[in-house]
2 protein chains.
Amino acid sequence: MTTTPRDRLLDAAGELFYREGVGVGVDALCKAAGVSKRSMYLLFDSKDELIAASLDRRAPDYEAVLRPPDGGTPRERILHVFRAQDGLTGQPTYRGCPLVATATELKDATHPANAVARRHKQAMTDFFAAEARTAGAADPDTLAAQLTMVFDGAAARAVMRAEPLAGLGVTTATALLDAAGVV
Amino acid sequence: MTTTPRDRLLDAAGELFYREGVGVGVDALCKAAGVSKRSMYLLFDSKDELIAASLDRRAPDYEAVLRPPDGGTPRERILHVFRAQDGLTGQPTYRGCPLVATATELKDATHPANAVARRHKQAMTDFFAAEARTAGAADPDTLAAQLTMVFDGAAARAVMRAEPLAGLGVTTATALLDAAGVV
DNA sequence: CGGGGAGGAAACCGATCGGTCTACAGTCAG
DNA sequence: CTGACTGTAGACCGATCGGTTTCCTCCCCG
């Protein structure tokens with residue numbers, strides 16, 4: 001057995017919940033994963049826990065796509081994130097930032113998946129803050145919060161497909177970096 | 001009869017779909033509106049049409065809250081939108097921009113409610129563009145797209161409650177206006 | 001007074017929801 | 001071989017889904 005039922009469940013959940021929303025039923029999910037409901041409920045306490053676990057599983061891959069390779073200036077490293085995002089938003093399968101989309105769908109701030117989303121989003125802000133600090137920005141925390149906001153805004157625009165202007169996130173982040181004196 | 005069944009349905013739908021998501025059932029919705037399912041399905045072809053119609057109904061009120069009063073400089077008029085948004089995001093009942101949230105939940109870009117959301121969002125961008133043009137910005141369309149993106153980003157941040165910094169939308173919009181030479 | 005339309009209450013439809021449970025196949029250790 | 005363990009298939013539970021239909025009440029107009 002190359003993949004465990006747990007792996008298959010998390011992978012199928014990550015894809016289906018992102019593509020069709022968390023309203024996808026447990027039956028359809030288990031069928032897609034090739035796992036019986038019985039096994040699913042032995043592995044996870046509830047569908048809600050599975051949502052949270054699948055988001056936690058998906059997040060590292062998401063971050064890996066966005067994170068810049070080693071080296072380069074802080075400015076370039078930050079802009080790499082927005083360029084990578086631009087590549088994602090151009091795809092027809094793009095449904096927004098998975099973290100924000102899940103939080104938006106779940107509404108309930110106490111949902112376990114919401115804590116997962118918050119944690120991984122904070123990691124992105126922390127990355128921006130560390131780079132901004134390295135670059136000697138006057139207020140790295142505020143700049144990091146602004147950049148995260150631009151990231152989420154670019155994702156939202158892409159979802160609504162009211163985005164005739166590609167690279168909007170990159171140009172806006174550039175403007176903020178300029179304003180913050182990050183060369 | 002002070003309110004028609006149609007009005008009660010649209011109002012209840014606007015509130016419930018925003019507060020709990022479009023997954024709310026037709027039964028619960030009709031009960032909240034004090035309207036029978038029979039009447040609902042005589043007034044609307046389907047739940048999807050009701051979602052679209054309720055969003056269309058809600059949008060003018062939403063815009064009225066954000067739109068600045070007559071007068072003032074373009075810069076002040078633009079910043080008024082972000083200050084008004086800041087007031088909304090501070091409320092515990094805030095669940096994000098209704099237009100973006102609906103589009104995010106529905107996934108399907110061909111859903112009638114998605115067209116409604118796009119149209120109203122475009123109206124906001126058009127407002128920004130008109131003000132930027134009045135102010136003599138070099139590229140008013142790009143600036144308007146950036147401001148809309150910041151607006152949606154601020155909404156997304158507020159949803160996730162990873163928002164220790166109030167007024168983030170206002171300060172970021174200010175930075176973009178400064179960069180675009182809109183005094 | 002009598003008739004017709006509007007609209008509420010609720011039964012009903014097949015399908016699906018999240019979740020539980022039984023039955024059985026395969027695989028390992030002893 | 002036996003017994004424990006893991007896993008699938010799928011029936012089953014009550015509830016709810018979107019949507020349709022029947023029935024009845026009310027009110028307005030003639």
Side-chain angles (χ1 to χ4, degrees), chain A residues 1-57 102 104-108 110-114 116, chain B residues 1-57 102-108 110-116:
Chain A
M1 168 190 323
T2 66
T3 65
T4 67
R6 187 167 201 277
D7 287 334
R8 296 203 302 275
L9 269 174
L10 289 173
D11 288 344
E15 195 210 322
L16 276 179
F17 287 152
Y18 178 66
R19 197 176 66 206
E20 304 184 14
V22 294
V24 171
V26 173
D27 291 277
L29 183 66
C30 287
K31 178 182 270 190
V35 173
S36 68
K37 290 178 72 175
R38 183 179 184 272
S39 298
M40 198 218 93
Y41 278 103
L42 285 174
L43 291 166
F44 301 95
D45 288 343
S46 65
K47 178 188 176 183
D48 287 337
E49 293 294 335
L50 175 55
I51 295 173
S54 68
L55 200 61
D56 211 20
R57 158 97 152 203
T102 304
T104 299
E105 288 180 59
L106 292 175
K107 311 286 179 188
D108 177 12
T110 69
H111 192 288
N114 227 315
V116 173
Chain B
M1 171 191 318
T2 68
T3 66
T4 67
R6 187 165 201 277
D7 288 333
R8 295 203 304 275
L9 270 174
L10 288 173
D11 288 345
E15 195 209 322
L16 276 180
F17 287 152
Y18 178 66
R19 197 176 66 205
E20 304 184 16
V22 294
V24 170
V26 173
D27 290 278
L29 183 66
C30 287
K31 178 182 270 187
V35 173
S36 69
K37 290 176 71 177
R38 180 180 183 275
S39 299
M40 200 217 92
Y41 277 102
L42 285 175
L43 291 165
F44 301 95
D45 287 344
S46 66
K47 179 188 174 183
D48 287 336
E49 293 295 334
L50 175 56
I51 295 173
S54 69
L55 201 61
D56 210 19
R57 158 97 154 202
T102 303
T104 299
E105 287 181 60
L106 292 176
K107 311 286 180 187
D108 178 13
T110 69
H111 193 289
N114 227 313
V116 173

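Every chain is numbered from 1 and lettered A, B, ... according to where its sequence line falls, protein lines coming before strand lines. Scope of the values below: all heavy atoms of this structure, side chains included, with no hydrogens, waters or symmetry mates.
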Rounded interatomic separation in angstrom, taking CG from A:L42 and C1' from D:dA4: 15 Å
Taking only residues two or more places apart in sequence, or in another chain, which ones meet A:D108 in a salt bridge (Lys or Arg N to Asp or Glu O under 4.0 Å)? none
B:L29 CG to D:dG19 C1', straight-line distance once rounded to whole Å: 14 Å
Distance check needed: D:dG19 C1' versus B:E49 CD, whole Å only. 15 Å
Report the distance from atom CG of B:L16 to atom P of D:dG18, rounded to the nearest whole Å. 12 Å
Let me know the distance between CZ of B:F44 and C1' of D:dG18, rounded to the nearest Å. 16 Å
Interatomic distance, B:R8 CZ vs C:dA6 P [rounded to whole Å]: 16 Å
If only atom types and distance count, is the side chain of B:K47 paired as donor or acceptor with the main-chain N or O of B:V24 below 3.5 Å? yes
List for me each residue that meets side-chain contact (heavy atoms from CB on, under 4.5 Å) alongside A:Y18, sequence neighbours excluded, and say none if there are none. A:R58, A:Y94, A:R95, A:P98
Under the side chain to side chain donor-acceptor pair (under 3.5 Å) rule, collect the residues that match up with A:S46, sequence neighbours excluded. none
Can you check the B:D45 CG to D:dG19 P distance for me, whole Å? 10 Å
With sequence neighbours excluded, what pairs up with A:R57 under the side chain to side chain donor-acceptor pair (under 3.5 Å) test? A:D7, A:D11
Restricting to side-chain contact (heavy atoms from CB on, under 4.5 Å), what partner residues turn up for B:L42, sequence neighbours left out? B:R38
Contacting residues from residues 30-40 of chain A, given that a heavy atom lies under 4.0 angstrom of DNA chain D: A:G34, A:V35, A:S36, A:R38, A:S39
Would you mind reading off the distance between B:Y41 atom OH and D:dC17 atom P, rounded to a whole angstrom? 11 Å
